2 protein chains.
Amino acid sequence: MVKNLDRRKSSILHAIIQEHIITASPVGSRTIAKKYDLGVSSATIRNEMADLEELGYLEQPHTSAGRIPSDKGYRYYVDILMNNKGINSDKLIKTLSEITKAKKGIHGIVSGITNMLSEFTKYATMITEPEFKNTKLSEVQLIKVTNNKLLLVMVTDNGFVSDKMINIQQDLDKRKIRYINNFLVNKITDKNINNLDKNYFDEIEDELLKKINLSQQLFNIINKEIKEIIDPRDVNIYIGGTSYILDQPEFNDIEYLKKVLNILDHEDTLKKLITAENNKEIEVRIGHENEMKEMQRCSVVIANYTIGDKAVGKIGVLGPTRMEYPRVISTVNIVSDILSKIISEVNK
Amino acid sequence: MVKNLDRRKSSILHAIIQEHIITASPVGSRTIAKKYDLGVSSATIRNEMADLEELGYLEQPHTSAGRIPSDKGYRYYVDILMNNKGINSDKLIKTLSEITKAKKGIHGIVSGITNMLSEFTKYATMITEPEFKNTKLSEVQLIKVTNNKLLLVMVTDNGFVSDKMINIQQDLDKRKIRYINNFLVNKITDKNINNLDKNYFDEIEDELLKKINLSQQLFNIINKEIKEIIDPRDVNIYIGGTSYILDQPEFNDIEYLKKVLNILDHEDTLKKLITAENNKEIEVRIGHENEMKEMQRCSVVIANYTIGDKAVGKIGVLGPTRMEYPRVISTVNIVSDILSKIISEVNK
DNA sequence: TTTTAGCACTCAACTAAATAGAGTGCTAAT
DNA sequence: ATTAGCACTCTATTTAGTTGAGTGCTAAAA
């Protein structure tokens, strides 16, 4: 799809992008000639820059300014040019393990890592709470809270807990509750959650309704709540480092800044922002590649983190299109790896 | 402490503050004379304004500008001048009850109300998750997760759930766990949480250690986790409406905006910001009354919400000192009342 | 054919000066 | 005690002028 540029054009584009990422200003031919030892004069570079502009890799804010990379230019940089040699990960790994030790429970871990990621990248970051695909339920407990409330607690084999309060109309005595509880334990623990699909629930339902005098309505509620835990519609999302956005000169425009912050303020738009394919390890969305038009001057780096082979959550970093891609991408890679390990192994 | 101003000075100060809250600009004598029917000429108002400045209620950005209220001026306004007739609360109450119905669990309710409060006030808002003072534990369940992990689930009589994963070195069989569980149920449920103090735990400890062969270390861990649930060191805090901050012209200064957002970005500073006395129903902190110097161009309205007579959480609204105090205060009052009811009565 | 030196041209950004206008403070009359 | 009137102050806005980074083109050199 993307036609490769010849060697010299590549070098020049590379130099311009690197320079622009540092200075945040349009880059001129003389700067490149002086700072980057390409063995050609500024005039030659000038001609090449005109070509690169015509090909769509560069843009010119106005006639007498230097060039800035276009989204296409950044895309070429990310796909082909940049050297992805990564960062020194020692400190990152150390900090991560400290967080894991200090925090208990999924909330603390995920929000701690979100903040840490933003401190390392100096951009705004977001991480969704994991869904528990590819785990097994190791415990199910139905606790009577009051006459019309049951608490359903489910523990996954990787050590996380989910609970739901269930409103019931029908009063159930403790014995019956214990019976249902045991029934559920038999049916749904120690099985991969992915296999607990609709068909399986239908089977359970039939059996349970036959065996005890449990109203259809009650079963539906319990059923629904279990499914909700296993496959939540509404996943929490954590965000950190919002104020780093203001360090970037492209957000000095208050009106624009407001649009961006407004998106970060609302869970629904935020989730839409870091929607990504589950099967890709890492996804970089540059400028107009973002669906939301308010985000089209931003880039987002999104990674999945996993349990086994299933993506269970997303890690995202948001910055201007002039983002330090190599640093961000390798940081996100490391964090998603480690987070995958943490949530997979909490219990092992 | 605050000496009362005479009637005319009061009216003029009142008019200036109201005008300034609307326009966000320095207010001149002629504007007041024209817009507010005080029955005196601009020259008289001018003289009074000079007096009010000398008394510290007004400030002049520069010689040829109008006046703006000082923190002292706002304080006088909040304590004495403003009419606290409140807002039309119908819509607010309706929205609140919708949130309560739609959301289950404390996270959803508190974060939903935080967002709603910011939408109503158009300022940034924050609400802490409730601590469970003045409730009783209605259920305690110790669930074996693995050989070295127990899950402790506690349900309060107002229907909220807290859980902690406990790492244990000693392997416990199910019977022993059930024994400890029953023991705990007997000892700590159905008692007001406030009475479960250190002495009481010492008693329990003695008894439990005597009766079963439970290592001191294990008891300490369980003990600690129970205390942590009852009196958490680390309370979650929710924040909403950050982007509304940008609507206020006083935050057009990017450097200042960054300082403020930075405070909102970090849980520790955020909590410090809405620290307030537990016994006051509502607290308004104007400008320099805020401890953090980055906040001294802001005002914060803080209310406690309660279970019974105990403050269990805080509601805060953050805006510029030029905040619409009457509207914010009455909104916060209503929300804290309702939130108190919601968390007290979830289960009744 | 490719590269480069040289130069006229462009245009945003900055600077300085001029102008407008909102508002004050004081004085003298009411 | 109040107010009309006016000189004075100071910011904000406008306008004109200047600077300088950077381009694109041309013609010579490699």
Side-chain angles (χ1 to χ4, degrees), chain A residues 5-13 15-20 22-70 73 249-250 252-254, chain B residues 5-13 15-20 22-70 73 249-250 252-254:
Chain A
L5 297 171
D6 68 48
R7 200 186 191 85
R8 193 168 69 185
K9 281 198 174 58
S10 280
S11 310
I12 291 173
L13 181 57
I16 291 171
I17 292 180
Q18 288 202 326
E19 189 65 18
H20 181 67
I22 297 166
T23 63
S25 305
V27 182
S29 55
R30 233 175 84 85
T31 314
I32 298 299
K34 260 196 292 184
K35 281 210 195 173
Y36 296 79
D37 198 18
L38 300 177
V40 287
S41 75
S42 68
T44 308
I45 292 171
R46 212 140 54 226
N47 290 329
E48 294 285 36
M49 282 164 81
D51 288 354
L52 284 166
E53 184 175 354
E54 207 173 341
L55 292 166
Y57 295 93
L58 294 177
E59 286 168 2
Q60 204 170 19
H62 53 85
T63 346
S64 67
R67 304 301 205 295
I68 57 173
S70 66
E250 23 276 275
N252 278 2
D253 169 1
I254 297 251
Chain B
L5 297 171
D6 68 47
R7 199 184 192 87
R8 194 169 68 186
K9 281 198 174 56
S10 282
S11 310
I12 291 173
L13 180 58
I16 291 172
I17 292 180
Q18 288 202 325
E19 189 65 18
H20 180 68
I22 297 166
T23 63
S25 307
V27 181
S29 54
R30 234 174 81 85
T31 314
I32 297 299
K34 261 198 291 182
K35 279 211 195 173
Y36 296 77
D37 198 18
L38 300 178
V40 286
S41 74
S42 68
T44 307
I45 292 171
R46 216 144 46 230
N47 291 328
E48 294 285 37
M49 281 164 82
D51 289 353
L52 283 167
E53 184 176 354
E54 205 172 343
L55 292 166
Y57 296 92
L58 294 178
E59 286 168 3
Q60 204 170 18
H62 54 86
T63 347
S64 67
R67 303 305 205 293
I68 57 173
S70 66
E250 24 276 275
N252 279 2
D253 170 2
I254 296 253

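A, B, ... follow the sequence lines: proteins, then strands. Residue 1 opens every chain. All values reported here derive from a predicted model rather than from experimental measurement.
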*So which nucleotide from dT4(C), dT23(D), dT3(D) ends up closest to the side chain of S41(B)?*
dT3(D)
*Taking for each residue the nucleotide of DNA chain D bearing the nearest heavy atom, is the 5' side occupied by V40(B) or by A43(A)?*
V40(B)
*Rounded to whole angstrom units, what separation is found between the CD1 atom of I12(A) and the P atom of dT23(D)?*
12 Å
*Starting at CZ of R46(A) and ending at C1' of dT3(C), how long is that distance when rounded to a whole Å?*
12 Å
_Could you walk me through whether Q18(A) and Y36(A) satisfy the side-chain hydrogen bond (donor to acceptor under 3.5 Å, both in side chains) test, starting with their C-alpha distance in whole Å, then the side-chain angles of each, then the deciding distance to 0.1 Å, before giving a yes or no?_
CA-CA 10 Å; Q18(A) 288 202 326; Y36(A) 296 79; 4.6 Å; no
*Hey, can you pull the residues of residues 28-37 of chain A with a non-hydrogen atom under 4.0 angstrom from DNA chain C?*
none
_Contact check, side chains of E48(B) and I45(B), non-hydrogen atoms, under 4.5 Å_ = no
*How many angstroms lie between atom OG1 of T31(A) and atom NE2 of H20(A), to the nearest 0.5 angstrom?*
13.0 Å
_Which heavy atom of A24(B) sits nearest to which heavy atom of P249(B), and what is that distance?_
CB-CG, 3.7 Å
*In whole angstrom, what separates L52(B)'s CG from dG25(C)'s P?*
12 Å
*R8(A) CZ to dT4(C) P: how many Å, rounded?*
8 Å
*Quickly work out the I68(B) CD1 to dT24(C) C1' distance and round it to whole Å.*
16 Å
_On the side chain of S64(B), is there an atom forming a donor-acceptor pair with the base of dT9(D) - under 3.5 Å, no angle test?_
yes
*May I ask you to test the M49(B)-I16(B) pair for a side-chain heavy-atom distance under 4.5 Å?*
yes
*Taking only residues two or more places apart in sequence or in another chain, which ones pass salt bridge (charged side-chain N to carboxylate O under 4.0 Å, His left out) with D37(A)?*
none
*Classify the side chain of T63(A) and the base of dT10(C) as holding, or not holding, a donor-acceptor pair under 3.5 Å.*
no
